[in-house]
Amino acid sequence: MIEIIDLEKSFNGQEVLKGINLTILDREVVAIIGESGGGKSVLLKHLIGILKPDKGKILVDGVDITKVGRRELDRIRDRFGVVFQGSALFDSMTIFENVAFPLNEKTKLGKNEIQGKALRALEDVGLKGIENKYPSEISGGMKRRVALARALVIGPDTIFFDEPTTGLDPIILHSIHRLIIDTHVKYNFTGIIISHEIPEIFDVADKVAMLYQGTIVAAGTPEEIRKNSNPVVKQFTSSCRDELTKSLS
Amino acid sequence: MEKLLRVLGRWGLSVVRTMGRMIIFLAESLYLIFSPPFKFNLLLRQIRFFGTKSLVVILLTGAFTGMVLAIQLFYTLRKFGSDALLGPAVALSLIRELGPVLSALMVTGRAGSSLTAEIGIMRISEQIDVLTTMALNPLRYLSVPNIVAGIIVFPLLAAIYDVIGIYGGYVVGVKLLGLSSGTYFSQMENFLDMSDIRMGIYKSVSFGIIVSWVSCYKGYHTDETGYGAEGVSKATTEAVVMSSVLILVWDYFLGSVLL
């Protein structure tokens with residue numbers, strides 16, 4: 001379980017997070033939505049320990065990751081997988097080498113075992129026969145899949161997705177969302193998705209939290225968020241819907 | 001006046017902070033050199049990157065440096081009737097000073113800049129964050145192999161630079177200006193000793209550390225230099241300028257201590 005308690009962060013005097021409170025239960029998929037530049041990625045960077053907050057706690061199974069040392073933090077991170085916004089694949093490595101990288105570095109498995117696991121992870125994300133290509137030779141949607149395969153390959157408890165569908169066309173967007181649902185069923189991880197894809201993300205998440213001006217203004221099931229009477233939430237969900245209708249028409 | 005003091009104070013603090021962070025970066029990298037797991041494959045890759053790929057530029061600049069040295073020194077020495085000392089003069093200048101310094105400057109331009117750009121791009125495309133979130137220390141992959149490669153490769157490149165330079169001087173002094181081949185080389189044996197070669201090696205090793213350290217640090221902290229591609233280009237320029245200045249400053253310091 002991950003508990004975020006009164007998390008605050010400022011950059012050069014500008015408050016980005018103003019007391020975030022959120023609880024993420026094991027094995028649930030939580031989407032954190034909100035406007036661009038609203039601090040969603042900053043919150044994610046706190047959750048994975050890249051940024052330290054000015055105030056507040058982040059408890060991962062009761063351990064406050066904002067206070068622990070590097071070794072303890074690394075032990076917790078061993079249970080994490082992250083899919084970054086731009087995929088962040090190592091561009092000097094092939095697709096296979098990218099997916100096999102965590103296994104090579106973090107485990108003592110033999111060459112054949114690593115090969116089997118990496119190819120299986122690629123197969124699970126619907127990619128076959130591209131192992132020897134380089135990231136620059138594949139499409140944006142494929143890169144996101146490879147990034148997911150790389151996160152899945154070590155069997156993490158929790159996977160963080162930083163805007164996994166940004167910049168993708170609607171068809172690929174749906175296929176990535178479908179993939180998150182399918183892999184969640186198969187690998188049974190806790191999923192935390194930073195997204196502004198409304199309403200599509202409602203089909204993926206068990207719970208949705210809306211971040212607005214540095215605080216969580218609403219949290220609940222997708223249905224509860226849809227029916228939420230908070231004007232900010234209403235405006236955000238309806239304007240996203242309007243934008244989608246406009247783009248489809 | 002108060003405003004000026006405040007600006008100066010802020011600048012001074014930022015310089016001290018940067019220096020502190022650079023020293024911590026180097027200290028952590030040096031510590032990681034001796035702590036397993038060792039990344040031999042990455043080390044070999046970086047030796048090739050610093051060494052093999054810099055060979056052409058080292059051969060070219062080495063040869064021409066030796067030739068220019070010979071032509072200038074020949075006319076100066078002839079005024080004093082000492083043109084027979086051309087060989088040792090070329091060799092001493094190259095081995096003690098010009099070989100280590102110029103080869104380091106050449107490698108800074110060729111390899112240091114691209115190293116900063118490569119690590120900088122890894123920073124802005126979040127590839128370094130991937131290593132961190134995998135609970136892997138990025139310095140082990142990005143800084144350590146480069147610093148060790150620098151320590152190994154720079155003295156070797158300087159040695160090649162010296163040899164090629166001495167032969168460049170030979171071509172000008174003996175083949176063009178008519179000095180006898182025996183004079184050119186035999187006088188060299190009389191004037192050169194092991195301490196000169198040791199001095200060259202010390203310099204090269206320290207330049208190897210300086211160039212790889214500064215280049216890695218600047219690339220690693222690209223996001224603090226600026227945003228996106230502009231940040232990478234700024235970091236690259238800063239790495240080359242800082243490495244070059246540090247090479248010359250350290251060269252003077254080391255020269256005055258070891259002389």
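Below, chains carry the letters A, B, ... as their sequence lines are ordered, and counting in each starts from 1. FYI, side chains are in, hydrogens and waters are out, and symmetry mates aren't considered; it's all heavy atoms of this structure. No experiment lies behind these values; they were computed from the predicted model shown.
Remark: side-chain polar atoms of B:S103 are paired, donor with acceptor, to backbone N or O of B:P100 under 3.5 angstrom. One N or O on the side chain of A:D64 and one on the backbone of A:I58 form a donor-acceptor pair closer than 3.5 Å.
Checked for salt-bridge contact, A:E123 and A:R120 miss the test: no charged N lies under 4.0 Å from a carboxylate O. Looking at A:E163 and A:K40, a side-chain N of the basic residue comes within less than 4.0 Å of a carboxylate O on the acidic one, giving a salt bridge.
Expressed to the nearest 0.5 Å, how far OG1 of A:T166 lies from CD of A:Q85 amounts to 5.0 Å.
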Evaluate B:E97 against B:K203 for side-chain contact (heavy atoms from CB on, under 4.5 Å), listing each step before the verdict.
CA-CA 9 Å; B:E97 195 62 50; B:K203 282 185 176 178; 3.0 Å; yes

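Considering only heavy-atom pairs separated by less than 4.5 Å from chain B, the leading option among A:R71, A:K45, A:R70 is A:R70. Heavy-atom pairs under 4.5 Å with chain B peak, among A:D78, A:V82, A:D162, A:I50, at A:I50. The residue among A:D91, A:L73, A:I76, A:I154 with the most heavy atom pairs within less than 4.5 Å of chain B is A:D91.
Residues of residues 6-45 of chain B that come closer than 4.5 Å to chain A, counting heavy atoms only, are B:E28, B:K39, B:R45, ordered by residue number. Residues from residues 127-148 of chain B that place a non-hydrogen atom less than 4.5 Å from a non-hydrogen atom of chain A comprise B:Q127, B:D129, B:V130, B:L131, B:T132, B:T133, B:M134, B:A135, B:L136, B:N137, B:Y141, given in numerical order.
For the pair B:R110 and B:F49, the cation-pi test (distance below 6.0 Å, angle within 45°) is passed. The cationic atom of A:R150 (NZ for Lys, CZ for Arg) does not lie both less than 6.0 Å from the six-membered ring centre of A:F101 and within 45° of the ring axis. With B:Y220 as the aromatic partner, B:K218 does not meet the cation-pi criteria of under 6.0 angstrom to the ring centre and within 45 degrees of the ring axis.
With no hydrogens or angles considered, no side-chain donor-acceptor pair links A:R145 and A:S87 at under 3.5 Å.
Of the options B:L246, B:V240, B:V241, a side-chain contact (heavy atoms from CB on, under 4.5 Å) to B:S244 is made by B:V240 and by none of the others.
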